[in-house]
There are 2 protein chains.
Amino acid sequence: MARNVEFDEQLAVSKAMDVFWKKGYNGTTMRDLTEAMGINSSSLYNTIGDKHELFIRSIKHYTETRMKEALKQLEPIKSPLKAIEKFIQSSVYVITNEPNSCLAIKTTFEVAATDEQVQKIIKADNDFTYNLLNGLVEKAIQKGEITVSQDSAMLTDYIINHFSGWHEFFIIHKDKNRIKNMASFLIKQINQ
Amino acid sequence: MARNVEFDEQLAVSKAMDVFWKKGYNGTTMRDLTEAMGINSSSLYNTIGDKHELFIRSIKHYTETRMKEALKQLEPIKSPLKAIEKFIQSSVYVITNEPNSCLAIKTTFEVAATDEQVQKIIKADNDFTYNLLNGLVEKAIQKGEITVSQDSAMLTDYIINHFSGWHEFFIIHKDKNRIKNMASFLIKQINQ
DNA sequence: CAAATTCTGGAATGGATGTTTCAGATAGTT
DNA sequence: AACTATCTGAAACATCCATTCCAGAATTTG
């Protein structure tokens, strides 16, 4: 019947995501986006939609990519406790080596409180991480690898809760070692 | 020689702060600000300055107010460990009862990475909290109230680090109990 | 190849943005 | 009370914003 869309939508969203990641939702203009995506605004509006819709796609892309990576990384590890430790350690690595801090956390503090659609996506992402980790914590408790607490739900919340502070800390102090020390202490606490 | 400024600058900054607190730096317009402050933009530019300067004043006001409150609250408590526990508990109270989450944290994630002036103010605030708490942790270790670790610096970082995550958690889940449980576990961990 | 359909680029839209201007009001000083 | 410096309010400013329009190009199907 007629011609097809010329640009790769997935790639375009990924480039938009990079801009939002660096500048935040309100700090990003449509010009920033179309420039980075290499497409005209009319094409953008004809395919994906407006700025808000593009942001939704961006954070979905972000969270989905992260979920896949987490699954891939933890799958081969047999000991639940070792998997939990790996999860903590690779979080520390990402926090102290990526140029921007976590897009999901930035988004939570910038817009999640007033944007229901965004909040749902972020919540789904957090619930995913919770379930992934909670599965490991439960097994570790069963196996007797973890004895510090029998309350897996609380312990899961407790572990995940550290990451946000580490991001904040790294933005302000840019000090890897102090974060590594906190992580070591956390692991030591769990290892009881 | 001539007339004086008509408006109360402290009060005006405090009102501006409320707007930035709710909407963030980029989400706030000059019209939002002048409306909330009840003054004309020309008066604002003639006294305080532009939007950025007003933001600087706002976060300074925020951090200074918070510092004073923290000092006042902890002063009468004699046991260092009890003071630390009080600090944690009142953080939980603020996090789960204030309408907006911490302005300093929101600002850190929104603009601190790219705005040096802002970053300095936030860092000074964090350093203040660090020093306040570290003094207590050191004393508690000396007195033998804390035995879980002898590394007061790390332990201070570790305790402070929880607050950011609790804020994030409350925005997403609005669940006070899960936060209280984490706080109780943290206190139990320190109490060794 | 022709027809039909849909995409693209650039310009245009109206409204919002941060900031400045300026005439007139105001209050401290003499 | 008069003078004078400075503040105030409303409007104006240029620029930027997100979004839309449309003519023409491009591509698929018959």
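In what follows, chains carry the letters A, B, and so on, assigned in the order in which the sequence lines appear, proteins first and then strands, with residues in each chain numbered from 1.
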Checklist outcome for this item: Here the distance between atom C1' of D:dT19 and atom CG of A:L44, to the nearest Å, is 10 Å
Item to check | Residues from residues 16-27 of chain B lying under 4.0 Å of DNA chain C - heavy atoms | outcome: none
Next on the checklist: Taking the minimum atom-to-atom distance to the side chain of B:N46, which one of C:dT19, D:dG9, D:dT8 wins?
Outcome noted: D:dT8
Checklist entry - Has B:K174 got its NZ or CZ under 6.0 Å from the middle of the six-membered ring of B:F169, at an angle within 45 degrees of the ring axis? => result no
Checklist outcome for this item: Looking only at D:dA18, C:dT8, C:dT20, the nucleotide nearest the A:Y45 side chain is D:dA18
Item to check | Candidate pair B:N126 and A:H173, rule side chain to side chain donor-acceptor pair (under 3.5 Å), full reasoning | outcome: CA-CA 10 Å; B:N126 279 47; A:H173 297 102; 5.1 Å; no
Checklist entry - C:dT8, D:dC17, D:dT8: which one has an atom nearest the side-chain heavy atoms of A:S43? => result C:dT8
Item to check | A:K176: partners by salt bridge (charged side-chain N to carboxylate O under 4.0 Å, His left out), with sequence neighbours left out | outcome: none
Next on the checklist: What is the separation between atom CD on A:E53 and atom P on D:dT20, rounded to the nearest whole Å?
Outcome noted: 14 Å
Checklist entry - Where along residues 31-38 of chain B does a heavy atom come under 4.0 Å from DNA chain C, residue by residue in number order? => result B:R31
Checklist entry - A:R57 and A:E9: salt bridge (Lys or Arg N to Asp or Glu O under 4.0 Å), yes or no, with the steps? => result CA-CA 10 Å; A:R57 300 264 186 115; A:E9 204 170 301; 2.6 Å; yes
Next on the checklist: If you go through the side-chain atoms of A:S42, does one of them form a donor-acceptor pair with the base of D:dT19 closer than 3.5 Å?
Outcome noted: no
Checklist entry - How close or far is atom P of C:dG9 from atom CG of A:N40, stated in whole angstroms? => result 6 Å
Item to check | Atom-to-atom span, CE of B:M30 to P of C:dT17 - whole angstrom | outcome: 11 Å
Checklist entry - Just checking, A:K51 and A:Y25: is the charged tip under 6.0 Å from the six-membered ring centre and within 45° of the axis? => result yes
Next on the checklist: Can you list everything that forms a salt bridge (charged side-chain N to carboxylate O under 4.0 Å, His left out) with A:D32? Sequence neighbours excluded, please.
Outcome noted: A:K23
Checklist entry - In whole Å, what is the span from the CD1 atom of A:I39 to the C1' atom of D:dA26? => result 17 Å
Checklist outcome for this item: For B:E35, the salt bridge (charged side-chain N to carboxylate O under 4.0 Å, His left out) test, sequence neighbours excluded, returns none
Next on the checklist: Which residues pass the salt bridge (charged side-chain N to carboxylate O under 4.0 Å, His left out) test with A:D125, not counting sequence neighbours?
Outcome noted: A:R66
Item to check | A:R178 to A:F185 six-membered ring, cation-pi geometry met (6.0 Å, 45°) | outcome: no
